[in-house]
K.L.:
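So that we are looking at the same thing, I have put the structure below in structure tokens.
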Amino acid sequence: MTGRTEELDSFKAEISELQAKGFTSEILRKIKKIEGRFGPALLSQVETVEKCQEIEKKVSSLEKEKTDLKNKIQILEMKKG
């Protein structure tokens, strides 16, 4: 057997073991997709998500403030008028 054949057989055996434990092909594909995301790259993605969520909260807060100010302006204009 060549090194590649042995490696392929090893992978097949690992896959069979995981499937025996209940891992479906779909789960294995998902694991493979996220497998490469680790260390600094994963940390960077997490930080980006956290920053995005923080910005979304600020935008939401600003939109509420804007609405409140518009309502106050309308009330003042009605009182003035």
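Just the heavy atoms: all of them, side chains too, but no hydrogens, waters or symmetry mates, feed the values below.
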K.L.:
Salt-bridge test for K72 and D68: reply yes if a basic N is under 4.0 Å from a carboxylate O, no otherwise.
P.N.:
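No, no charged N to carboxylate O under 4.0 Å.
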
K.L.:
Is E7 paired with R4 through a side-chain N to carboxylate O contact shorter than 4.0 Å?
P.N.:
yes

K.L.:
Any side-chain to backbone donor/acceptor pair from T67 onto E63? Under 3.5 Å, distance only.
P.N.:
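Looks like yes, one N/O pair under 3.5 Å.
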
K.L.:
Are the side chains of V49 and Q53 in touch, meaning some heavy atoms are under 4.5 Å apart?
P.N.:
yes

K.L.:
Return the NZ to OG distance between K21 and S16, rounded to the nearest 0.5 Å.
P.N.:
12.0 Å

K.L.:
Determine whether a donor-acceptor pair (N or O, by modelled atom type, separation under 3.5 Å) exists between the side chain of T48 and the backbone of S44.
P.N.:
yes

K.L.:
Please determine whether the number of non-hydrogen atoms from other residues, nucleotides or ligands lying under 6.0 Å from atom CD of E47 exceeds 12.
P.N.:
yes

K.L.:
Does the S61 side chain pair with the main chain of K57, one donor and one acceptor, at a distance under 3.5 Å?
P.N.:
no

K.L.:
Could you check if a side-chain atom of L76 sits within less than 4.5 angstrom of a side-chain atom of I73, using non-hydrogen atoms only?
P.N.:
no

K.L.:
Please round to the nearest 0.5 Å and tell me the distance separating atom CD of E54 and atom NZ of K58.
P.N.:
4.5 Å

K.L.:
Nearest 0.5 angstrom please: K66 NZ to L62 CG, how far?
P.N.:
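Going from the NZ atom of K66 to the CG atom of L62 covers 10.0 Å.
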
K.L.:
Hydrophobic clustering (ILVMFWY, side-chain heavy atoms < 4.5 Å, transitive) - are I27 and I15 grouped together?
P.N.:
yes

